[in-house]
Every structure is written in structure tokens, then in C-alpha cells.
Amino acid sequence: MEAYERKWQQKWEEAGLFEPEPDKRKKFFITFPYPYQNGPPHIGHGFTFLRNEVFARYKRMRGFNVLLPQAWHATGGPIVASALKIREGDEKQIKTLKSLGIPEDEIKKFSDPEYWIKYFTSKWKKAFKSLGASVDWRREFFTTHLNPAYSKFIEWQYRKLRDLGYLVKGSHPVVWCPKEKKVVGDHDRPDEYAGIVPEEVVLIKFSRGKIIFPCVTFRPETVYGVTNIWINPDSEYCEIEIGEEKWIVSAASIPELEAQKGKVKIVKKFAGKDIEGLEVKNPVTGSVVPVLTAEFVKPEFGTGVVMSVPAHAPYDYIALKESGLEFKMISLIQVEGYGEFPAAEVCERMGIKSQKEVEKLEKATKEVYTAEFHKGILKDITGKKGMKVSDAKPVLVEEFVKSGAAEKYYVLPSEVLCRCGERCIAGIIKDQWFLKYSDPEWKRLAHECIDGMSFFPEEIRRNLHSAVDWLRDWACTHKGELGTPLPFDREWVVESLSDSTIYPAYYIVAKYLQNPERYGINIERLKDSFFDFVFLGEGDPAEVSAENGIEKELLEEIRKEFVYWYPVDFRNSAKDLLNNHLPFFIFHHVALFPESFWPKAIGVNGWMMVGGEKMSKSKGNFILLEEAVEKWGADVTRLSILFSGSMGLDDMNFEPEFPERMKRKIKQLFRLVELYGSGRDEIRPVDRWFRSRLHRRIKTVTEFMENTSFRDAMERILFESFNDLSWYTRRCREANREVMKEFIESLVLMLSPFAPHAAEELWEKLGKSGFVSIENWPEAKEEFIDDVVEKQEELVVKTLEDIRELKKIVKGEWKEIRIYTSRSWKYRVLEIASEKPENLVKEIMKIDEIKKHGTEAVKFAQKLTDRIEKPLSMEAEFQALKSAEGFFERELGCQVRVLKGDESDSEKAMRAEPGKPGIEIITE
RNA sequence: GCAGGGGUACCCAAGCCUGGCCAAAGGGGCAGGACUGAGGCUCCUGUGGCGUAGAGCCUGCGAGGGUUCAAAUCCCUUCCCCUGCACCA
């Protein structure tokens with residue numbers, strides 16, 4: 001880190017530059033979603049944060065009173081699970097901590113979840129500070145019951161949601177560990193089982209008298225084609241009592257059954273083969289089919305009882321064939337490209353002979369299921385003739401359930417082992433609290449909010465609309481995790497995403513509630529009325545003051561402050577929050593706040609890659625933010641990270657050589673100081689060109705900044721500016737003092753949001769007082785933007801290029817170069833053409849001067865395409881070239897004369913055209 | 001499967017909404033040159049093909065087709081890649 005970086009960070013802090021108070025200016029409130037504290041920040045976090053930070057700094061320079069607060073998230077399971085792993089001595093977890101630079105003897109401290117929070121929040125804060133973040137740290141906090149003030153806020157919020165009817169109770173399928181008796185989230189299992197969730201299946205209740213044979217199936221629509229049902233011959237089966245009913249199920253399936261349907265009583269136990277040959281009734285068709293045995297039936301899957309549909313299920317077809325029994329397939333589904341019995345067809349094609357060919361059978365099954373589900377049309381027998389399978393399935397399920405022929409059930413699609421080693425099952429949590437995101441009115445409000453917002457990039461608006469539509473009720477409480485207990489059902493803790501919805505509002509009060517002693521506030525005394533008053537303006541100040549033990553004046557000040565800062569004006573997050581947190585953020589705001597406090601804008605960016613690959617510790621391309629700043633300094637780190645990408649869903653890419661490049665850029669910037677204040681006073685056309693380019697660039701950059709296209713802005717500031725500068729100095733050798741001053745000042749100002757330390761240092765070196773961080777953003781002055789001047793300079797550039805090209809061709813000693821503008825009649829033609837007359841040739845032939853060129857004039861006119869935009873006049877071209885004579889001579893080391901085409905009979909002069917001067921080389 | 005995003009020159013990447021000034025910004029790499037004791041610094045030049053005392057022509061933005069006087073940009077078809085699909089940050 002550079003010495004001046006420390007210096008300016010200290011100066012900012014001393015000046016309280018980023019601790020805004022409400023004033024007369026317009027406010028701008030920016031938030032970066034608080035990061036989860038189970039690890040230190042890396043450069044990917046850096047990118048997302050910096051998009052907020054740069055925008056904050058930019059808006060500050062645009063005269064806004066900007067608030068950029070920061071907090072930390074600790075709610076949820078992963079920290080608890082990781083701490084548990086440390087306690088258990090899990091090698092992998094220990095290695096992870098070590099790789100984060102945590103010394104061996106400190107690792108045992110991480111067996112306490114609280115230590116994680118303490119350790120990583122300080123890491124994050126340190127990293128952000130060293131980056132020069134313009135954060136108001138007075139509002140810092142972290143979540144969970146460990147922060148009682150925040151918990152009060154969550155409790156208020158959940159009581160509100162309950163009163164609004166948006167909090168409901170229900171049951172919910174989960175992955176369950178029967179040994180530990182707990183929900184097994186992704187963080188509670190070995191990585192290879194991540195992402196597996198319970199899948200809904202249907203139990204079709206075949207029966208024999210009063211005894212039910214519940215067949216588990218993914219494809220209830222095939223119940224019409226059942227020829228028999230299967231059980232495993234050698235596994236243990238039981239007759240159980242479940243509620244009022246008697247069921248036959250495998251012994252292995254009982255734990256899952258109990259986890260979903262409640263306690264069962266085992267009446268009898270027997271082997272599967274003992275009941276082979278019994279006949280059972282199909283509850284949908286009424287037909288009677290036999291119970292048969294097959295090896296492929298897995299007793300632990302579902303109920304251990306399955307139905308057999310040989311026409312459409314390869315396993316069933318093969319098992320029946322192997323049994324040697326006679327069977328008659330029933331065709332239910334018509335699929336393009338297949339015959340009457342797709343399963344049989346596929347099995348024969350693949351040459352499957354035995355149930356033991358599991359791999360082939362799985363493949364066959366997948367093929368048949370996919371084809372039938374998406375392209376299959378049901379036949380008459382199902383009563384849904386002509387319907388697509390994918391459409392008919394949910395309808396049929398509802399009918400079966402309603403008639404009592406079936407029940408819904410859940411299974412795990414593949415094996416999941418808990419961290420404790422136990423095989424998990426699908427369970428159902430009862431009394432689960434849900435946020436009722438399915439509520440149509442709530443959805444409507446959320447859509448309305450989205451319609452009124454701005455998005456960066458605009459495309460994510462659609463994503464959010466569909467996310468809002470797609471969200472179902474959300475299980476918002478957990479057990480055994482960090483968080484705030486649900487105030488009216490304290491055995492539950494509010495789940496991670498559900499407690500981080502409207503917390504930007506908390507930033508406003510955090511200044512007070514996180515420093516209660518300074519304001520004479522007793523957190524324990526806080527009631528809902530405090531939040532009602534501050535956030536919603538409800539209640540009588542005197543009463544609220546008395547109830548909460550807070551001075552009335554203070555209370556009103558807090559309310560005023562809230563009204564001043566809210567709503568959120570901009571919130572930038574990484575794209576992973578697009579389907580969860582961001583819609584939640586919107587949902588909860590529209591539920592709890594009046595429209596004037598709904599969020600204004602959201603930005604999104606992708607994932608950080610390093611060297612074109614996903615960051616990972618094993619690949620060695622994992623870059624921690626803290627290390628980056630240490631190694632490269634704050635500004636270089638900021639620039640390198642920001643240069644890695646832009647907004648949107650595409651991933652950024654941090655190339656390892658960026659820091660070196662940016663370091664050079666900063667050096668180059670510092671060298672500008674030498675040019676500052678020297679030069680001549682006289683204004684030449686090149687100066688006008690340079691100034692025009694500068695103002696045009698300010699305009700473009702400003703547009704990019706408004707649009708949060710920071711990388712585009714950087715390219716203009718850091719690269720294109722310098723291209724102009726080098727052309728300018730090359731062109732006129734001695735710069736114009738004022739223009740150069742303006743150029744340098746503007747550059748430093750525009751640099752400030754990106755590399756604020758260097759900008760401050762430069763600003764000081766230019767002899768300016770005060771902080772550049774709060775200076776005014778440069779203004780693009782239209783009066784300096786001059787199309788003609790820029791076109792003229794382009795002509796000079798092009799002409800130089802053309803001569804250079806000739807250099808390759810024309811050998812011999814060059815004595816003189818003559819440059820001819822086109823003959824004047826061609827400008828006339830062009831002029832007339834640019835007015836787009838109906839018949840150009842007719843028009844120009846009216847003019848004698850042109851007419852005398854006859855065919856040549858017609859040819860020239862015909863060559864012109866229909867649109868010639870504002871061509872330079874002959875005089876403008878001539879002046880541009882003429883004034884560059886000296887420059888050409890310098891560049892080309894040869895005498896150069898610029899002449900008007902009309903003044904010469906040279907063939908080159910005749911061929912010259914507007915915009916394409918003729919060039920004649922005079923050799924010895 | 002559903003939903004969303006993307007395929008641009010040696011590489012990264014802009015442009016695409018609002019078609020024409022786009023052989024396509026900017027950066028990197030590479031090649032040549034200048035500077036230098038030397039350079040991995042800085043500066044200049046070149047970097048699709050062909051042609052040439054230059055003002056152009058051809059090919060070209062995943063592939064194929066279409067609309068248009070005109071397409072990287074609009075429409076259709078197709079291939080390939082990435083992300084999400086939930087109780088979890």
C-alpha cells in the first residue's frame with residue numbers, strides 16, 4: 001500500500017467525510033447486500049462492493065448527500081455447521097481455515113460460531129477500509145440474537161408480517177437425518193450430496209380387501225397400464241397400521257413413512273416372497289392384478305412396493321420377460337418416433353436381457369420417460385385422450401388424491417448421507433412457518449414495485465418479474481441455526497434470507513441502536529411502537545417516547561432521519577441473489593412500507609474469474625481482497641478489480657497482469673503533473689480539437705457513470721484520454737496552457753471515484769485545496785464540442801496515413817509532397833446531394849460550372865450514396881490541411897505543400913474528392 | 001425439462017435495443033521501428049485477404065436461411081457454451 005493511500009484514508013476519516021447527516025441536498029442511499037461471515041472477502045466480493053462504492057463516490061461528486069453503510073450477515077446454518085466440524089476435528093474444515101491464513105493454534109477457537117462472526121467481521125471491515133471504502137462505519141452491525149437491537153427489529157418485522165397475513169403455517173418436505181433428528185441442509189452434508197432435495201411422488205393405493213399396497217411412482221398417469229405390482233422377494237415386508245388403515249410396506253421404508261405420515265404400528269413381518277401371487281385391485285381402473293417379485297425393487301425406495309407398467313417402463317418389461325410369465329402390455333401413450341410399446345422397443349433395441357443390466361436400464365428408462373413426458377399424447381384408455389402427458393399428469397394426480405386412490409409422498413431421488421454418516425430420508429416438517437409469497441396481492445405489489453424501478457442492466461427487470469411469479473411459499477424458520485427467534489414461536493429461528501429483507505431501513509436507526517449508551521437508549525425497553533413510529537410514522541411521539549424510554553426529541557430526529565434517507569436508491573449485488581434475496585427485498589418492502597419508501601434501483605454483476613477460470617483455492621487463483629491491497633495497494637487493486645468486468649450476468653475476469661498494467665497507468669497519471677501549468681496562451685485549431693474531444697469524453701463518461709457502466713468509463717478515462725493526449729502533444733509540441741490544465745483537472749476528477757487516493761494526491765499536487773472526493777464532477781460543455789474541428793482533425797490523420805501508405809510504394813528520394821483538396825465543383829455536388837434532392841443528376845446539371853464536367857460529374861454524383869452527413873466545406877478541409885503543413889513536414893521529413901485543387905491541373909488534383917485529398921509525391 | 005444469459009478478428013472485449021459514417025472501439029499479445037549503456041519502461045507503425053503512386057475490391061461478427069437499396073445489428077431455423085431451479089448463503 002502506498003504511503004499516500006494511508007495518508008488520505010486518515011484524512012478522510014478525520015474529516016468525517018463519509019459520515020453524512022441529513023441536509024438540504026438531495027440524498028442518495030446505496031447499499032451492498034451484507035455478506036455472510038463464514039470467510040474473508042475475496043476480489044469477487046470486492047467487485048460487487050466496488051460497484052456500490054464507485055457509484056457512491058460519483059454521486060457525491062454530483063452533489064448528492066450520499067450514504068453508504070455496511071453490515072455483516074451471520075444468520076443461518078453454515079457457520080454453525082462449520083464450527084461443529086472444527087469441534088469434531090474435521091480435517092477438511094481445518095484445512096480450509098488454514099488456507100485462509102489462520103494460524104494453527106487459533107483454529108480451535110473456531111469451534112464457537114460466535115468466534116467466526118467476531119473474526120471475519122473484523123477481517124471484512126479491515127479489508128474494506130484498506131480499499132478506501134467511503135462507508136459510514138457508525139452504522140455497522142451484524143445480525144442474529146447476538147445483536148439484541150437487530151433482533152428487536154426482526155421481531156417487529158415478523159409480528160407485522162403475521163398481522164398482515166403474510167406469515168402462515170404449513171408443512172414442508174425436507175431432507176431428514178433419522179439419527180440426529182434434524183433437517184440436513186447442503187452445509188450439513190458432504191459436498192457430493194449437495195443440491196439433492198425431496199421429490200414429490202405419488203402412492204397409488206392398490207388394495208386387497210382392507211389391506212392397502214401403496215405403490216410409489218413418479219408416473220401416476222401410467223396406472224392405467226398396470227399389469228401387476230412388484231415387491232422384492234428377499235426383503236423384509238411388514239403389515240402396518242397407519243392411522244385407520246393397514247398397509248403392506250417394506251421394513252426399510254418405515255422410517256421415511258414415519259417421518260412423513262407419523263408413527264406407525266408394525267403388525268406382522270414377513271419376507272416379500274411370502275405374499276407373492278396375491279391379487280390386488282387397481283384403485284383407478286378396478287382391474288385385479290397379481291403381486292409378483294422382482295430383484296430390481298429397492299426396499300428402501302419409497303414403500304418398497306411398485307406398480308408394473310411393461311408397455312412404458314423398461315424395468316417392468318424386462319422383469320416380466322425374465323419371469324417367463326405371460327403378460328399382456330397395455331399401451332397408454334402415443335409418442336412420435338415410437339411404436340405402441342416404447343419400453344419394449346427401447347429394451348430390444350439396446351439388447352437388454354436382464355434386470356441386472358442396471359446402467360442400460362437406467363438409460364432406457366430415462367429415454368422413455370423423457371420422450372413420453374414431453375412428447376407423449378395420452379390415449380383413450382386414460383380418459384384424457386389427446387392430452388400431453390406433461391399437462392395431464394398434475395390433473396390426474398389431483399383426481400386420484402381427491403378420490404382417495406392415491407396420496408402424495410416424498411422420496412429422495414438419490415442417496416444422501418448426513419455428515420454423521422447416517423442415510424437421510426425425505427421427511428415432512430409440520431408447523432413450519434412460511435412467508436406467503438404465493439399471495440396474489442403480494443405478488444401484484446411486488447410487480448408494481450419492479451415496474452417503477454431502474455435496473456442495471458435493464459434486462460434483469462424481466463428476471464425479477466419471473467422470480468416474483470415463480471416464488472412459492474417460503475419456509476422462513478429453522479431450528480438449530482444462528483438468528484433471531486421468532487417472537488411468537490420461540491423454538492423457531494428466522495431463517496437467513498428471511499431476516500435480511502428490509503434491513504437497509506435498519507441502517508438508519510443503527511447509528512443510534514448500535515451505540516445505545518451514547519444516546520441514552522435501553523435496547524431491552526424497545527417495543528414495536530418504536531419501529532412503528534420511526535419507520536411508519538405511527539403513534540404519538542410523547543407516548544412512544546415514554547413507552548420506549550427514548551427522549552421525544554431524539555425519537556423525532558430519528559424519524560426525520562429515516563424519512564430523509566429512505567428509500568434505497570441503489571443496491572448492487574452479485575447475480576446469485578437474483579432469485580432469492582432481491583425478490584425478497586422487494587416483497588418485504590412492498591408489504592411493510594408505503595410506496596414512497598420502495599427501492600429505486602438494483603444493479604447486478606456476475607462472478608469473478610481469475611485468469612479465465614473460476615476462482616478456487618485448489619487452482620491457486622484465489623485472491624483475497626486483503627492480500628491484494630497489501631500487495632498492490634488500494635488504487636491498483638480497485639482499478640484492477642473494476643477493470644475485470646461490467647454489470648450484467650456475464651462473469652468478470654481478473655487477469656493476473658492487470659495490477660501491473662494499472663500500476664503503470666497510475667504512474668502515467670502522476671507524470672501529468674509535469675504538464676500542468678506550462679504551455680502557450682494562443683489558441684490553435686488543434687487546441688479546439690483537443691478540448692472538443694475532452695468535453696465529448698466527459699459527456700460520454702458521465703453517461704456511462706449514470707448507467708453504472710464503470711468499465712466503459714474507465715476505458716475512456718484511462719486509455720482513450722491518453723491516446724488523445726499523445727496525439728495532441730505530438731501534433732502541436734507545445735500545449736495550450738489552459739486547455740491542458742482543463743484536461744488534467746477533468747481527468748483527475750473523473751479518476752476520483754475509481755482511484756480516490758491517487759486522485760487526492762494528484763489534486764494536491766496540482767495545488768488544489770480540499771478533497772477531490774467531494775469536488776464537483778466535471779461538466780461537459782456543449783459549446784466546446786465541435787464536430788467540424790473534429791472532422792478536420794480526422795482529415796489530417798487520414799491524410800497522414802495515406803501518405804505513409806504511399807511511402808511504401810513510391811521509391812526514391814522524396815523532394816516534396818503536394819496535397820490537393822478536391823476541386824470546388826465536387827463540393828458543390830456534395831452539398832446538393834446532402835440536401836437529398838429527388839433527382840441528383842438533374843439538379844446538378846442545372847449548374848453550368850458542374851455541367852461542363854459532363855460525364856465525370858454524373859459519374860461522381862452516382863457514386864455518392866444517398867446519405868452524406870454534414871461534409872466539410874472546401875475551405876474547412878483546406879484550412880485543416882494547411883494548418884497541419886508544419887506537422888506533416890515534421891512527421892514525414894519532407895517539404896509539404898497544401899494546395900486547392902482548383903489551382904492545379906495535376907492528375908492528382910483532378911482525382912481528389914471531398915474527404916479524400918489528392919497526394920502528389922515529387923521525387924528527384 | 002423449465003427459466004435466464006451468451007457465442008464478434010490471435011486472446012479479452014465494445015457494438016446489437018434505435019440497420020447505413022463497422023474491416024468492426026478499447027485493451028492485451030505478436031511483428032517492425034524510435035529512444036536507451038541496456039531494457040520486461042515510454043513512443044510510433046503494422047496486425048482478414050488481394051491489389052496498387054494510394055483513393056479500391058473480395059471475404060467477414062457460431063452455422064444456415066429470410067427481410068431490406070443496405071444486416072454483427074431485425075426475423076426464422078439450427079448447433080454449441082454458461083447460470084438458476086429453493087428453504088440455502
Side-chain angles (χ1 to χ4, degrees), chain A residues 33 35-39 73-79 172-175 183 185-188 194-195 197 369-370 373-374 390 429 432-435 437 457-460 462-463 466-467 469-478 481 495-498 500 575-581 606-607 612 614 643-646 648-651 653 655 657-658 660-661 664 667-668 671 709 711-712 714-716 718-720 723 726-727 729-730 791 794 798-799 801-812 865-871 891 907-908 911-913 915-921 923:
Chain A
Y36 189 64
Q37 295 298 299
N38 63 341
H73 197 207
T75 307
I79 290 177
H172 184 64
V174 293
V175 179
V183 180
D186 274 353
H187 49 264
D188 296 312
V197 295
Y369 279 23
T370 309
F373 184 74
H374 296 288
S390 51
I429 301 280
Q432 171 65 269
W433 289 92
F434 286 90
L435 285 163
Y437 291 141
E458 170 62 29
E459 296 88 73
I460 63 169
R462 217 181 328 143
N463 291 51
S466 55
D469 281 333
W470 157 90
L471 272 166
R472 309 190 294 259
D473 291 348
W474 181 268
C476 65
T477 51
H478 280 178
E481 300 191 344
E495 174 270 338
S496 173
L497 287 167
S498 311
S500 32
K575 63 181 173 187
D576 51 328
L577 303 187
L578 215 41
N579 285 327
N580 44 63
H581 166 261
W607 299 109
K614 218 171 157 180
F643 195 64
S644 303
S646 195
L649 302 173
D650 288 349
D651 292 334
N653 183 30
E655 287 295 340
E657 71 265 17
F658 283 177
E660 218 28 68
R661 231 190 279 170
R664 264 185 264 145
K667 265 192 206 149
Q668 206 179 352
R671 248 178 275 133
S709 297
R711 187 190 155 126
D712 291 324
M714 279 173 82
E715 282 185 352
R716 301 305 184 288
L718 296 176
F719 297 103
E720 289 194 359
N723 290 348
S726 64
W727 176 257
T729 47
R730 184 173 153 202
K791 276 216 174 85
E794 263 170 48
K798 245 192 83 211
T799 306
E801 275 171 14
D802 283 348
I803 300 173
R804 281 243 160 79
E805 201 168 322
L806 284 173
K807 197 127 207 183
K808 287 189 245 165
I809 299 156
V810 186
K811 304 293 174 214
T865 40
D866 55 341
R867 284 212 336 201
I868 314 295
E869 273 192 15
K870 288 185 225 147
E891 286 287 318
E907 184 235 337
K908 297 297 164 191
R911 280 181 69 187
E913 284 174 17
K916 291 170 186 168
I919 298 161
E920 186 172 24
I921 312 292
T923 49

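Proteins come first, then strands; the chains are lettered A, B, ... in the order of their sequence lines, and each starts at number 1.
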Any N or O donor-acceptor pair linking the side chain of Asn463(A) to the base of rG4(B) at under 3.5 Å?
no
Does a distance-only test, which skips hydrogens and angles, find a donor-acceptor pair under 3.5 Å between the side chain of Arg711(A) and the base of rA13(B)?
no
Show the nearest heavy-atom pair for residues Leu471(A) and Asn579(A), with the distance to one decimal.
CD2-O, 4.5 Å
Closest approach of Ala467(A) and Leu578(A), non-hydrogen atoms and distance?
CB-O, 4.0 Å
Would you say the base of rA86(B) stacks on Trp470(A) (centre-to-centre below 5.5 Å, plane angle below 30°)?
yes
Side chain of [X] - closest among [options]:
| X | options | value |
| --- | --- | --- |
| Glu720(A) | rA25(B), rA53(B), rG5(B) | rA25(B) |
| Phe643(A) | rG84(B), rG27(B), rC88(B) | rG27(B) |
| Arg462(A) | rA89(B), rA3(B), rG5(B) | rG5(B) |
| Glu715(A) | rA55(B), rG4(B), rG26(B) | rG26(B) |
| Glu495(A) | rC88(B), rA55(B), rG6(B) | rC88(B) |
| Glu920(A) | rC87(B), rA53(B), rA89(B) | rA53(B) |

Is there a donor-acceptor pair under 3.5 Å between the side chain of Glu495(A) and the backbone N or O of Ser498(A)?
yes
Rounded [atom1] spacing from [N] to [M] in Å:
| N | M | atom1 | value |
| --- | --- | --- | --- |
| rA24(B) | rG60(B) | C1' | 10 Å |
| rU68(B) | rA63(B) | P | 23 Å |
| rA13(B) | rC61(B) | C1' | 13 Å |
| rA14(B) | rC80(B) | P | 25 Å |
| rC76(B) | rU18(B) | P | 14 Å |
| rC75(B) | rU67(B) | P | 15 Å |
| rG62(B) | rC43(B) | P | 33 Å |
| rU77(B) | rG29(B) | P | 43 Å |

N/O (side chain, Asn723(A)) to phosphate O (OP1/OP2, rA25(B)) under 4.0 Å:
no
Using Watson-Crick or G-U wobble geometry with both distances under 3.5 Å, which nucleotide pairs with rG84(B)?
rC2(B)
Could you tell me which nucleotide pairs with rU52(B) by Watson-Crick or G-U wobble geometry, both distances under 3.5 Å, or answer none if nothing does?
none
Using 30° and 60° as the class limits, which term best fits the ring planes of Phe643(A) and Phe719(A): parallel, tilted or perpendicular?
tilted
Take Arg661(A) and Glu657(A) through the salt bridge (Lys or Arg N to Asp or Glu O under 4.0 Å) test and state the conclusion after the steps.
CA-CA 6 Å; Arg661(A) 231 190 279 170; Glu657(A) 71 265 17; 3.6 Å; yes
Residue whose closest nucleotide on RNA chain B lies nearer the 5' end, Thr75(A) versus Arg661(A)
Arg661(A)
Contact nearer the 5' end of RNA chain B, comparing Arg664(A) with Gln432(A)
Arg664(A)
